[in-house]
Amino acid sequence: MWIIKDALSLSWGLGRSKVPGEYKSVFDIIGPVMVGPSSSHTAGAVAIGRAARHLIGGLPQSVRIDYYESFAQTHLGHGTDYAIVSGLLGYAPDDGRVPQAVSIARDQGVHIEFCEKEGPSPIGHPNTAVLHMQRQQRKMTIYGCSIGGGIVEIRRIQMAGYDLQTEGMLPLLLVEEMDQSLSNDGQDKGDRIADSIRAAGALRQSNTYRSGDGNSSIHVYDLDKPLLPELLQQISRYAPNMIYIN
């Protein structure tokens with residue numbers, strides 16, 4: 001079971017891709033403040049690592065990072081290795097420790113491997129990193145891609161026997177439900193959460209994945225915009241086991 005109640009703000013690197021009318025200033029186009037050299041291969045990679053850290057609940061004890069296509073060809077020269085690991089450590093893209101992240105993590109006992117994979121990306125994007133992680137008894141694999149300007153998408157998450165598919169664009173809300181599927185008023189909890197998010201004008205789509213024995217499920221909510229703290233608090237009252245990434 002995973003229980004993560006705190007929301008994580010990753011506005012410097014995560015979020016849905018922007019259309020022209022959504023750019024507020026020239027800085028949205030230029031990209032984030034960061035340790036270079038590349039917004040896609042460095043700042044975006046930090047965001048992938050940071051999302052992975054949040055999903056697994058902290059710094060993993062071991063991680064194997066599989067690179068595909070462009071990431072596989074350029075990760076050494078563009079600093080993608082230290083960028084992803086710095087995200088796993090919880091650093092921001094402009095943190096001065098970013099270039100030393102791999103050695104810092106290994107000094108903390110983290111086992112790290114980097115692998116260049118042949119063939120196409122399993123999630124259909126050239127800047128793909130797949131992180132296979134373990135933290136204590138929890139194992140998780142996330143499939144992320146950097147789509148430009150420091151923006152990333154998390155398109156697939158494998159955890160606790162589930163294979164979760166998302167649109168990739170963030171924000172994203174995951175809710176685990178054990179045994180009981182109805183709230184106190186008799187409404188299905190997954191539907192109740194979806195109704196609350198829809199009423200806030202934030203629901204893009206939702207999917208429910210059930211375990212083989214039918215005793216648990218994970219609801220995946222792809223969101224159009226961040227959820228207000230008051231709504232997250234409301235949801236947590238009847239669904240305490242959740243992960244929210246903004």
Side-chain angles (χ1 to χ4, degrees), residues 1-24 28 47-48 50-52 54-57 123-125 140 142-211 214 216-246:
M1 177 183 294
W2 41 270
I3 303 176
I4 302 177
K5 296 183 181 179
D6 295 332
L8 176 66
S9 177
L10 298 177
S11 58
W12 42 259
L14 277 67
R16 64 191 182 95
S17 55
K18 295 184 177 181
V19 298
E22 294 179 302
Y23 289 109
K24 303 299 182 183
D28 284 340
I48 291 172
R50 186 71 179 262
H54 189 59
L55 285 164
I56 202 167
I123 55 173
H125 195 282
M140 182 181 294
I142 75 158
Y143 297 69
C145 57
S146 179
I147 64 174
I151 305 298
V152 306
E153 295 181 355
I154 306 301
R155 297 186 176 179
R156 186 177 179 186
I157 303 166
Q158 295 172 320
M159 55 183 288
Y162 294 93
D163 190 352
L164 310 177
Q165 311 284 332
T166 79
E167 285 193 355
M169 299 180 289
L170 301 175
L172 178 69
L173 176 68
L174 308 179
V175 175
E176 184 187 39
E177 191 175 320
M178 303 297 294
D179 299 323
Q180 181 58 257
S181 63
L182 300 179
S183 57
N184 292 335
D185 61 6
Q187 184 181 13
D188 180 272
K189 289 182 180 179
D191 291 342
R192 182 171 181 174
I193 293 170
D195 288 345
S196 298
I197 298 172
R198 187 179 296 109
L203 184 65
R204 183 184 310 118
Q205 71 170 20
S206 63
N207 289 293
T208 297
Y209 297 80
R210 302 194 184 280
S211 63
S216 64
S217 61
I218 292 181
H219 305 287
V220 179
Y221 303 94
D222 290 287
L223 307 174
D224 275 325
K225 63 181 181 180
L227 301 180
L228 294 176
E230 295 82 2
L231 179 54
L232 285 170
Q233 185 176 17
Q234 174 189 332
I235 293 171
S236 70
R237 285 198 291 266
Y238 46 85
N241 301 339
M242 70 181 193
I243 301 175
Y244 172 65
I245 303 178
N246 175 27

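Numbers here simply count residues along the sequence, with the first being 1.
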S.K.: With no hydrogens and no angle check, is any side-chain donor or acceptor of Tyr221 less than 3.5 Å from a backbone partner on Gly190?
M.R.: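 Such a contact is found between Tyr221 side chain and Gly190 backbone.
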S.K.: Cut-off 3.5 Å, no hydrogens considered: what does the side-chain donor-acceptor table look like for residues 226-234, sequence neighbours left out?
M.R.:
{"from": "Gln234", "atom 1": "NE2", "to": "Ser196", "atom 2": "OG", "distance (Å)": "3.4"}

S.K.: How many angstroms lie between OG in Ser217 and CG in Asn207, if you round to the nearest 0.5 Å?
M.R.: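 Those atoms lie 12.0 Å apart.
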S.K.: Is the shortest side-chain N to carboxylate O distance from Arg192 to Asp195 below 4.0 Å?
M.R.: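 So Arg192 does not pair with Asp195 through a salt bridge.
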S.K.: Work out which heavy atom in Ser146 is nearest to a heavy atom in Ile48; give both atom names and the distance.
M.R.: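 Ser146 and Ile48 have their closest heavy atoms at N-CD1, 4.1 Å.
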S.K.: Is Ile157 close to Leu172 at the side-chain level, that is, under 4.5 Å between some pair of heavy atoms?
M.R.: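 Yes, side chains in contact.
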S.K.: How long is the span from the CD1 atom in Ile245 to the CG atom in Leu174, to the nearest 0.5 Å?
M.R.: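 That separation rounds to 7.0 Å.
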S.K.: Any idea which heavy atoms bring Asp222 and Gly168 closest together, and the distance?
M.R.: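 Taking every non-hydrogen atom into account, OD1-N, 4.3 Å.
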S.K.: Side chain of Arg155, backbone of Gly144: donor and acceptor closer than 3.5 Å?
M.R.: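 Side chain of Arg155 to backbone of Gly144: no pair is present.
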S.K.: Look up atom NZ in Lys189 and atom CD1 in Ile235, then write down how far apart they are to the nearest 0.5 Å.
M.R.: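 So the gap between those two atoms works out to 13.0 Å.
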S.K.: Could you list the residues that satisfy side-chain contact (heavy atoms from CB on, under 4.5 Å) with Gln165, not counting sequence neighbours?
M.R.: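 With neighbours one apart ignored, the set is Arg156, Asp163, Tyr209.
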S.K.: So which atom in Ala194 and which in Leu203 form the shortest heavy-atom distance, rounded to 0.1 Å?
M.R.: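 Looking at all heavy atoms of both residues, the closest pair is O-CD2, 3.8 Å.
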S.K.: Report the distance from atom CZ of Arg198 to atom CG of Asp191, rounding to the nearest 0.5 Å.
M.R.: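 Interatomic distance, Arg198 CZ to Asp191 CG, rounded to 0.5 Å: 8.5 Å.
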S.K.: Side chains of Tyr162 and Ser216: is there a donor and an acceptor less than 3.5 Å apart?
M.R.: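 Looking only at side-chain atoms, Ser216 and Tyr162 do form a donor-acceptor pair, the distance falling under 3.5 Å.
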S.K.: Could you check if a side-chain atom of Leu173 sits within less than 4.5 angstrom of a side-chain atom of Ile243, using non-hydrogen atoms only?
M.R.: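 No, their side chains stay 4.5 Å or more apart.
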S.K.: Using modelled atom types and a 3.5 Å cut-off, is there a donor and acceptor pairing between side-chain atoms of Ser211 and backbone atoms of Gly161?
M.R.: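 The answer is no, because no donor-acceptor pair under 3.5 Å joins these two groups.
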S.K.: Roughly how far, to the nearest 0.5 Å, is OG of Ser206 from CD1 of Ile197?
M.R.: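 Nearest 0.5 Å value for the CD1-OG distance: 8.0 Å.
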S.K.: Dump the intermediate steps for side-chain contact (heavy atoms from CB on, under 4.5 Å) on Asn241 and Val175, then the final yes or no.
M.R.: CA-CA 6 Å; Asn241 301 339; Val175 175; 5.9 Å; no
S.K.: Do the side chains of Ile142 and Ile56 get nearer than 4.5 Å, heavy atoms only?
M.R.: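 No, too far: nothing below the 4.5 Å cut-off.
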S.K.: Could you tell me which non-hydrogen atom of Met169 sits nearest to which non-hydrogen atom of Glu153, and how far apart they are?
M.R.: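 For Met169 and Glu153, the tightest heavy-atom pair comes out as CG-OE2, 3.4 Å.
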S.K.: Minimum heavy-atom separation for His219 and Thr208, please, with both atom names.
M.R.: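 Nearest pair, atom of His219 first, then Thr208: ND1-OG1, 2.8 Å.
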S.K.: Report the distance from atom CG of Leu55 to atom CZ of Arg50, rounding to the nearest 0.5 Å.
M.R.: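 Taking CG in Leu55 and CZ in Arg50, the distance rounds to 12.0 Å.
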